[in-house]
Peer 1: 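I have a structure here, written as C-alpha cells, and I will follow up with some questions on it.
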Amino acid sequence: MRFSESFIYTSKEAPSDAVLPSHIYLVRGGFIQSVGAGLYNFLPLGKKVLDKVRAVAKEELDKAGCQEVELAFVTPSEFWKESGRFEKYGKELLRFKDRKDSEYVLGPTHEEMMVNMARAFIKSYKQLPVNLYQIKTKFRDEIRPRFGLMRGREFLMKDGYSFHKDEESMIKDGFEKMEKTYSRIFERLGLDFRIVEADSGAIGGSGSKEFMVLADSGEDTIVVCEDCDYGANIEAAVRENPKAPHEIDAEYERPEMQFGKFYTPDVKTIDELAEFFHIEPYYTLKTVAKKALYDEGVEKIVLFGIRGSDELQEVKACNAVNANDLVDVSDEELEKAGLVPGFMGPKDLPEDVIFIADKTLEGEISIIAGANEKDYHYVGLNLVVLKLEHKDLAAVKEGDSCIKCGGKLKYTKGIEVGHIFQLGTRYSAPMKAEFLDENGKSKPFVMGTYGIGISRLLAAIIEQHHDERGPIWTKESAPFDLEIIISNIKKEEELKTGESLYKELSKDFDVLLDDRKERFGFKISDYELLGIPYAIIVGKKIKDGLVEIVDRKTLQKQEVNVKEAVEKIKRLLV
RNA sequence: CGGAGUGUAGCGCAGUCUGGUAGCGCACCUGGUUUGGGACCAGGGGGUCGAAGGUUCGAGUCCUUUCACUCCGACCA
C-alpha cells in the first residue's frame, strides 16, 4: 500500500475525553473514529488490525474443531421470552419494534439463537458433541460506555457454544478444550494474560474462568496469590478465614464483653464504633442494607452482615440472595421497613427483613452490632443462638491468605478479554432443546459457552504494548508487516531504491510505502504512531549504499547494505 | 440512576459575564523556499455558533424548552 494513496490520517491531537493510551493512539493513529457514545467506525488501519486478530482466533478455533456460523443480528424477542431473559436482561438489551409492531432485540449475546439453531438439527446423541461459533457485532446498551474500544456499546465479539450429551463431555470436549485454545490465541497475539476463577452468577453452572490481560488500566480487580497459581476475579475470589487480631498479635487480647445493650449516641459508622469501644473493627459487625430486585418487579430489603474489618462484595451478595440485581436503599425506605440507619444488626429485626451473615461470622459468640434501635448497639452478642444464614459475602482483601497454599493474596488489574463458562442446561431446558440419548430418552443439551472480545483485544494489546510515541503492535496484530520510508521523494536515488525494495518485499509481506511529499521528521513520527513492527528508512546514506532498519519496539536503527536489506528483513519477519 | 460540565470550521479551543462586522492553532487549497525528528513565507477556501421558541432595532452572547455528548459517583449503617 502506498501511503500517498491510502485512507490513513493521523493526528497530533488526542480526543479531549481520552485517558487511556489505547484510546488515544487508536484515534490519533487513524485506526478508529468516534461517532457517538460507545460507537466507533473502523478506518482502514483499524479494520486491518481487527481482521488480523479475528483471523488468529478463527484459525485456532477451526483447528480445535469448532465450526463458524453467522446468526442474525436482529433477533425475534420470542426466543428471549422462551429463555426468560427478555425481562431479566435489563436495560442493556436494546428492544424495538418493526413496522408490523413485532418486537425484536439487537443481539448482546446469542445463547437463545444458537440453542434455537441446534435444536432444529440435532436430534440424537450421535450428533454430539458439536461446537459452533461466530464472530459478529454485538450491541449492549451499556450504562456508561467509555475508554474507547474497551467498553463500547457496539463491539465485535467471538461467541461460541458447545453442545454435549453429558456434563463429562461438556467439561472435557468443551470447557477444557476451549481453555487451551483460548490460551493459544492470546499467546499468539503476544499478550501477557492470566486465567482466573470468575463469578458464575445467578445463571448457575459449576464453573467459569476469565482470561485477563494484565494491565494497570484494566477495569477488573483480580486477586492473585504471591506463592501459587491461584487467581480469581474479586467477584469470585475466596480466602482462608482471616485470623482475629488477638490470634496474630500475642500482645493483643481478645476484648472481653458482657452481653448487654449499650447507649452509643450518634455512633453510626464502623470507625466511630471501633473508636468508641477502643477495639479493632474485626470485633464489630457491619450491617449493609440493599434492595434485592427479582422478576416481575418484586423487591426485598436484605441486610448483609460482615465483619467491620471487611467490605461487602456486591456480586457475592447478589448471588447469596439469588437476585437479579442489588441496588442501594434510601434512609426513608429503611425507616419505612422499621430499620434504623446506622444502628442495624441481626438481633430484634422487624418482620420480613432478611439477614444474611458472612461465613467468617459462623460460630462467633461475642461481637458488637447494631441493636435496631436508635443510638443503641449490642455488645457481646452471640450470633450462634440467632441461627443466621451464612454465605460468603466479604471481598477478599490484599494480605488475606490463599485458600490453596496459605500464601499472601494481592490485587492486580486486568482487562477481561475472554470468558469461558460451563452453562449446563440453563438455556436448553427452558427452550426444550433436546436430543435422544443411548436409551432413547429425551434430554436437554448440556452446554458450554465461550466468548472473546475481539475489538476489545485491540485496546488490550495497546495497553500492554505501547510507549510514549504510540502503539507497538505485536507480530500477529500489526496492520502492516513493514513500512518503507523514503526520506525525500525528490531525491531520485532514494525514490528509486524505495520503490524497488517495495516491489521486492511486497511479494512476501504486507508493506506500507511512505512515498508522501513530506519531511523526514513527519514521516518517522507517523511510523511510530502507526506502530508497525519494522521500518526500512531509505535516506541520505543511500549514497554509501546503506539503508536503515528500525525496530519499533526498541526504536534502534541499524545500518545495512541495500543488497542485504531484503534478506535481513525476511529473517526478522519470519 | 444521582451529581457536574460541554455543544462555535474536519480536529482542539477562545469569544457568552457586560448583546453591536464570527476568531485562534492544527488540518485543507495555490505559489515559492526547505528536506534526517511533526519546516518557513505569502495568498486563499471553509461556519444553520447543537435544535426549537421567545425578548430586542439588533442574539454565539439574555430567557424558556429540548436534544446530544463527556466527566465523577453508585465502594455506606
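Predicted model, so just to flag it, every value in this text is computed and none were measured. Within every chain, numbering begins at 1; the chains are lettered A, B, ... in the order of the sequence lines, protein sequences first and strands thereafter.
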Peer 1: For the side chain of A/Val288, starting at C-beta, report the closest nucleotide among B/C75, B/G36, B/A77.
Peer 2: B/A77
Peer 1: Roughly, in whole Å, what's the span from CD in A/Glu219 to P in B/A74?
Peer 2: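 In whole Å, B/A74 P lies 13 Å from A/Glu219 CD.
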Peer 1: Rounded to whole angstroms, how far apart are CG on A/Asp375 and C1' on B/A77?
Peer 2: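 Answer to the nearest Å: 13 Å.
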Peer 1: In whole Å, measure the gap between the P atoms of B/U61 and B/G19 for me.
Peer 2: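 One P to the other, the span is 12 Å.
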Peer 1: Using atom C1' in both nucleotides, what's the gap between B/C75 and B/G23 to the nearest angstrom?
Peer 2: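 Each nucleotide's C1' atom is 46 Å from the other's.
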Peer 1: Measure the distance from CZ on A/Arg516 to P on B/A39 and round it to the nearest whole Å.
Peer 2: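 Answer to the nearest Å: 12 Å.
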Peer 1: Sort out the partner of B/G2 for me: Watson-Crick or G-U wobble, both distances under 3.5 Å, none otherwise.
Peer 2: B/C72
Peer 1: Between A/Arg95 and A/Leu93, is there a donor-acceptor pair closer than 3.5 Å when you use the side chain of the first and the backbone of the second?
Peer 2: yes
Peer 1: Applying side chain to side chain contact (heavy atoms under 4.5 Å, CB included) between A/Cys318 and each of A/Asp199, A/Leu326, A/Val302, report the one that passes.
Peer 2: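 Option passing the side chain to side chain contact (heavy atoms under 4.5 Å, CB included) with A/Cys318: A/Leu326.
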Peer 1: For B/G50 and B/G44, measure between their C1' atoms and round to the nearest Å.
Peer 2: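 So the two C1' atoms sit 29 Å from each other.
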Peer 1: When you get a sec, tell me which of B/G38, B/A77, B/A74 is the closest nucleotide to the side chain of A/Thr10?
Peer 2: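 Minimum distance to the A/Thr10 side chain belongs to B/G38.
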Peer 1: Answer with yes or no whether A/Asn488 presents, from its side chain, a donor or acceptor under 3.5 Å of a partner atom in the base of B/G36.
Peer 2: no
Peer 1: With a non-hydrogen cut-off below 4.0 angstrom, is A/Lys523 in contact with a base, only sugar-phosphate, or nothing?
Peer 2: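 Since no nucleic acid heavy atom lies under 4.0 Å of A/Lys523, the category is nothing.
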Peer 1: Name the nucleic acid region contacted by A/Gly370, choosing base, sugar-phosphate or nothing; use a 4.0 angstrom heavy-atom cut-off, strictly under.
Peer 2: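 Answer is nothing: A/Gly370 stays at 4.0 Å or more from every strand.
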Peer 1: Can you tell which of B/U35, B/G36, B/C75 lies closest to the side chain of A/Glu311?
Peer 2: B/C75
Peer 1: Could you measure between the two P atoms, the one in B/U16 and the one in B/C63, and give it in whole Å?
Peer 2: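 It works out to 14 Å between them.
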Peer 1: Could you tell me the separation between the CG atom of A/Leu546 and the CG atom of A/Asn561, rounded to the nearest 0.5 Å?
Peer 2: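 Going from CG on A/Leu546 over to CG on A/Asn561, the span is 6.0 Å.
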Peer 1: Any donor-acceptor pair under 3.5 Å joining the side chain of A/Arg146 to the base of B/G73?
Peer 2: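 Answer is no: no donor-acceptor pair is held.
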Peer 1: Could you let me know what B/G23 is paired to, Watson-Crick or G-U wobble, both distances under 3.5 Å, or none if it's on its own?
Peer 2: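 Its partner is B/C13.
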Peer 1: Tell me what A/Ser525 touches on the nucleic acid: a base, only sugar-phosphate, or nothing, going by heavy atoms under 4.0 Å.
Peer 2: base
Peer 1: Once you round it to whole Å, what is the distance between P of B/A77 and CG of A/Asp358?
Peer 2: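 The distance from CG of A/Asp358 to P of B/A77 comes to 14 Å, rounded to the nearest Å.
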Peer 1: With sugar-phosphate meaning primed atoms plus P, OP1 and OP2, does A/Gln313 contact a base, only sugar-phosphate, or nothing at under 4.0 Å between heavy atoms?
Peer 2: nothing
Peer 1: What's the gap between B/G32 and B/C67 when it is taken at their C1' atoms, as a whole Å value?
Peer 2: 49 Å
Peer 1: Can any side-chain N or O of A/Asn319 pair as donor or acceptor with the backbone N or O of A/Asn322 at less than 3.5 Å?
Peer 2: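 Between the backbone of A/Asn322 and the side chain of A/Asn319 there is no qualifying donor-acceptor contact (under 3.5 Å).
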Peer 1: Nearest whole angstrom, please: distance from the C1' of B/U70 to the CZ of A/Arg151.
Peer 2: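 Distance check: A/Arg151 CZ to B/U70 C1' gives 17 Å.
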Peer 1: What is the separation between atom CG on A/Leu293 and atom P on B/A74, rounded to the nearest whole Å?
Peer 2: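 Atom-to-atom, A/Leu293 to B/A74, this comes out as 18 Å.
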Peer 1: In terms of ring plane angle, is the pair A/Tyr376 and A/Tyr263 parallel, tilted or perpendicular, where the classes change at 30° and 60°?
Peer 2: tilted
Peer 1: Kindly say whether, by distance alone, the side chain of A/Glu528 makes a donor-acceptor pair under 3.5 Å with the base of B/G38?
Peer 2: no
Peer 1: Taking CD from A/Glu142 and P from B/C69, how many angstroms apart are they, rounded to a whole number?
Peer 2: 15 Å
Peer 1: Identify the nucleotide, in any strand shown, that forms a Watson-Crick or G-U wobble pair with B/A59, with both distances under 3.5 Å; if there is none, say none.
Peer 2: none
Peer 1: Could you give the distance separating B/G5 and B/G45 at their P atoms, to the nearest angstrom?
Peer 2: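 Comparing P positions in B/G45 and B/G5 gives a spacing of 39 Å.
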Peer 1: Take atom C1' in B/G58 and the same atom in B/A22, then report the distance between them in whole Å.
Peer 2: 16 Å
Peer 1: Which nucleotide in the list B/C71, B/A77, B/C1 gets nearest to the side chain of A/Ile143?
Peer 2: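 It is B/C1.
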Peer 1: Please state whether the base of B/G12 and the side chain of A/Ser16 form at least one donor-acceptor pair under 3.5 Å?
Peer 2: no
Peer 1: If we take the P atom in both B/U6 and B/C17, what is their distance in whole Å?
Peer 2: 14 Å
Peer 1: Answer yes when A/Glu226 and A/Lys408 have at least one side-chain N-carboxylate O distance shorter than 4.0 Å, and no when they do not.
Peer 2: no
Peer 1: Ring centroid separation for A/Phe520 and A/Phe522, is it under 6.0 angstrom?
Peer 2: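 No.
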Peer 1: For A/Arg2, is there an ion pair with A/Glu499 - N to carboxylate O distance below 4.0 angstrom?
Peer 2: yes
Peer 1: When you measure only distances, ignoring hydrogens and angles, does the side chain of A/Asp17 come within 3.5 Å of the base of B/C69 through a donor and an acceptor?
Peer 2: no
Peer 1: Ring centroids only, cut at 6.0 angstrom: are A/Phe277 and A/Tyr283 within range, meaning strictly under it?
Peer 2: no
Peer 1: Which base sits across from B/U18 as a Watson-Crick or G-U pair, both distances under 3.5 Å?
Peer 2: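 Across any shown strand, B/U18 pairs with none.
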Peer 1: Spell out, as yes or no, whether a donor-acceptor pair under 3.5 Å connects the side chain of A/Asp515 to the backbone of A/Ser4.
Peer 2: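 Looks like yes, one N/O pair under 3.5 Å.
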Peer 1: Quick one: which of B/A77, B/U70, B/C75 gets closest to the side chain of A/Ala37?
Peer 2: B/U70
Peer 1: Taking a pair as Watson-Crick or G-U wobble with both distances under 3.5 Å, which nucleotide is matched to B/G38?
Peer 2: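 Across all strands, not a single nucleotide pairs with B/G38.
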Peer 1: Do A/Phe31 and A/Phe42 have ring centroids that are under 6.0 Å from one another?
Peer 2: no
Peer 1: When the nearest nucleotide of RNA chain B is assigned to A/Arg469 and to A/Val19 on a heavy-atom basis, which residue is associated with the more 5' position?
Peer 2: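 The 5'-side residue here is A/Arg469.
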Peer 1: Within the structure shown, what part of the strands sits under 4.0 Å from A/Lys517 by heavy-atom distance: base, sugar-phosphate, or nothing?
Peer 2: nothing
Peer 1: In whole angstrom, give the distance that lies between atom CZ of A/Phe304 and atom P of B/C75.
Peer 2: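 Those two atoms, CZ and P, are 13 Å apart.
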Peer 1: Does the structure show a Watson-Crick or G-U wobble partner for B/G7, both distances under 3.5 Å? Name it, or say none.
Peer 2: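 Pairing partner: B/C67.
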Peer 1: What's the closest nucleotide to the A/Lys540 side chain, out of B/C76, B/G36, B/A77?
Peer 2: B/G36
Peer 1: Across all strands shown, which nucleotide pairs with B/G45 by Watson-Crick or G-U wobble geometry, both distances under 3.5 Å?
Peer 2: none
Peer 1: OP1, OP2 of B/G38 versus side-chain N and O of A/Arg519: anything below 4.0 Å?
Peer 2: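 Answer is no, no contact under 4.0 Å.
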Peer 1: Heavy-atom nearest nucleotide on RNA chain B for A/Asp526 versus A/Leu334: which residue maps closer to 5'?
Peer 2: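 By nearest-heavy-atom nucleotide position, the 5'-most residue is A/Asp526.
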Peer 1: Nearest to the side chain of A/Ser487 - B/A77, B/A74, B/G36?
Peer 2: B/G36
Peer 1: Are A/Glu483 and A/Arg516 within salt-bridge range, i.e. N to O under 4.0 Å?
Peer 2: no
Peer 1: N/O contacts under 3.5 Å, protein versus nucleotides 24-32 of chain B?
Peer 2:
from, atom 1, to, atom 2, distance (Å)
B/G25, N2, A/Glu13, OE2, 3.1

Peer 1: Would you mind classifying the nucleic acid contact of A/Gly342 as base, sugar-phosphate or nothing, using non-hydrogen atoms under 4.0 angstrom?
Peer 2: base
Peer 1: Look at the side chain of A/Lys557 and the base of B/G37, then say whether one donor and one acceptor between them are separated by less than 3.5 Å.
Peer 2: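 Per atom types, the contact qualifies.
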